[in-house]
Amino acid sequence: TEVVWFDYSEISSGHQNISHLHHFHQLDVVLDGEFSLTLGGQADQVGKAGDAWIIPPLIWHGVNCSKPFRWCSFKFHLAPQLWPVFGTAFQKFTVSDHLRDCVEALGKRNSIQMPLAGEHAAAVISLCLIEFFDQRGGHQSEEDHLGEFRYVLWPLLEKVQFDPSIRWSVARMAEILGLSPDHFSRCFQAIIGQ
């Protein structure tokens with residue numbers, strides 16, 4: 001529904017990105033070279049040219065790489081009715097050469113501040129998501145045991161971000177979600193780690 005940010009980068013030497021999470025989806029497309037994506041509690045994922053992945057909200061991740069690479073990373077909001085289709089777990093897939101060319105063109109377009117770059121990014125993200133869905137054969141992703149909580153937590157975190165002046169206590173957030181403070185705290189701890 002909205003492109004929050006996108007970055008087209010060429011990293012010529014080692015690169016390390018602290019493990020982090022956010023409340024929007026992330027799509028990374030490896031254009032050239034190779035890099036390693038670290039995922040909280042899972043094996044590292046190596047991405048080579050043509051590989052792509054979707055990182056749902058509230059998944060700890062970071063980049064750790066000693067080799068040069070070129071990539072495009074998108075951060076975006078996904079319409080809530082599509083959340084179950086893409087799941088709450090990391091998903092890796094492959095983009096076609098034609099689609100990789102589209103991502104490359106977007107990166108070059110953005111680098112020179114062309115008009116409509118945001119609309120171009122939204123179109124490329126949509127094409128990547130369709131390609132992901134086609135490779136999965138239309139099957140919905142498996143959910144983790146906290147999947148339902150993640151779906152209600154994402155919009156709440158957006159409210160916190162957009163209105164930080166409110167006193168956001170555990171009790172208040174739990175009440176908004178219709179949960180007890182203890183249950184909210186256990187689920188929040190399991191997902192966020194704090």
Side-chain angles (χ1 to χ4, degrees), residues 1-7 9 11 14-30 35-47 51-66 71-93 125 128-129 132-133 136 139-194:
T1 59
E2 176 189 14
V3 177
V4 176
W5 177 83
F6 70 98
D7 179 36
S9 298
I11 309 299
H15 178 76
Q16 187 169 5
N17 185 332
I18 285 184
S19 188
H20 62 283
L21 55 75
H22 31 69
H23 65 278
F24 37 76
H25 283 80
Q26 180 171 325
L27 167 68
D28 295 337
V29 179
V30 183
F35 75 92
S36 179
L37 176 73
T38 58
L39 295 164
Q42 296 180 33
D44 287 0
Q45 298 287 321
V46 175
D51 288 339
W53 42 68
I54 299 169
I55 304 168
L58 309 179
I59 298 293
W60 286 97
H61 63 281
V63 173
N64 188 6
C65 185
S66 59
W71 71 329
C72 198
S73 182
F74 303 92
K75 292 175 172 61
F76 60 98
H77 292 286
L78 188 63
Q81 67 267 23
L82 296 177
W83 293 347
V85 173
F86 295 97
T88 58
F90 165 85
Q91 303 281 335
K92 188 173 182 178
F93 66 106
I125 292 169
C128 288
L129 295 179
F132 165 82
F133 192 65
R136 293 293 184 256
H139 300 300
Q140 292 189 353
S141 301
E142 281 189 33
E143 295 299 315
D144 63 22
H145 70 284
L146 293 168
E148 189 173 317
F149 181 76
R150 288 177 196 270
Y151 294 143
V152 297
L153 184 59
W154 297 341
L156 177 63
L157 292 177
E158 286 184 330
K159 287 180 185 179
V160 171
Q161 178 188 10
F162 293 123
D163 201 351
S165 62
I166 292 177
R167 292 182 165 260
W168 291 103
S169 66
V170 170
R172 181 185 189 110
M173 291 186 286
E175 180 183 339
I176 289 171
L177 298 183
L179 302 171
S180 73
D182 288 340
H183 182 68
F184 176 87
S185 292
R186 281 191 303 275
C187 292
F188 193 90
Q189 170 67 33
I191 291 172
I192 307 295
Q194 55 186 332

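All residue numbers refer to positions in the sequence shown, counting from 1. Computed from a predicted model, the values in this text were never measured in an experiment. Below, each value reflects all heavy atoms present in this structure, side chains not excepted, and no hydrogens, waters or symmetry copies.
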To the nearest 0.5 Å, tell me how far Leu156 CG sits from His23 NE2. 10.5 Å
Within 6.0 Å of CD1 in Ile18, more than 12 heavy atoms from elsewhere: no
Under 30°, 30 to 60°, or over 60°: which ring-plane class applies to Phe132 and Phe93, parallel, tilted or perpendicular? perpendicular
If I take atom CG from residue Leu78 and atom CD1 from residue Ile125, how far apart are they, to the nearest 0.5 angstrom? 10.0 Å
Can you tell me how far apart CG (Leu37) and NZ (Lys92) are? Round to the nearest 0.5 Å. 9.0 Å
Between His25 and His77, does the ring centre distance come in under 6.0 Å? no
Might you work through the ring-ring contact (aromatic ring centres under 6.0 Å, His included) test for Phe35 and Trp53, ending with a clear yes or no? CA-CA 12 Å; Phe35 75 92; Trp53 42 68; 5.5 Å; yes
Judged by atom type as modelled, is there a donor-acceptor pair below 3.5 Å linking the side chain of Trp168 to the main-chain atoms of Asp163? yes
Should the ring pair Phe24 and His22 be called parallel, tilted or perpendicular, given that the plane angle runs from 0 to 90° and is split at 30 and 60? parallel
Closest non-hydrogen atom pair between Ala89 and Pro56, with its separation: O-CG, 3.4 Å
Does Asp7 offer a backbone N or O that forms a donor-acceptor pair with the side chain of Lys75 under 3.5 Å? no
Quick one: do Phe188 and Leu179 satisfy side-chain contact (heavy atoms from CB on, under 4.5 Å)? Show the steps, please. CA-CA 12 Å; Phe188 193 90; Leu179 302 171; over 6 Å; no
Taking atom CD of Gln42 as the centre, report whether more than 12 heavy atoms of other residues, nucleotides or ligands fall under 6.0 Å from it. yes
Is it the case that Ser73 and Asp28 place a side-chain donor and acceptor less than 3.5 Å from each other? yes
Measure the spacing between OG of Ser36 and CD of Gln45 and express it to the nearest 0.5 Å. 8.5 Å
On a heavy-atom basis, which atom in Leu27 and which in Cys128 lie closest, and how many Å separate them? CD2-CB, 3.5 Å
Measuring only between side-chain heavy atoms, which start at C-beta, is Phe184 closer than 4.5 Å to Leu153? yes
Val30 versus Trp71, closest heavy-atom pair with distance: CA-CB, 4.3 Å
Output the distance between atom CZ (Phe90) and atom NE2 (His61), rounded to the nearest 0.5 Å. 10.5 Å
Counting C-beta onward and ignoring hydrogens, is there a side-chain heavy-atom pair between Asp51 and Val46 closer than 4.5 Å? no
In this structure, CD of Gln26 is separated from CH2 of Trp5 (nearest 0.5 Å) by 7.5 Å
Leu21, Ile55, Leu39 screened by side chain to side chain contact (heavy atoms under 4.5 Å, CB included) with Trp60, the one that passes: Leu21
Any side-chain heavy atom of Lys159 sitting closer than 4.5 Å to one from Ile166? no
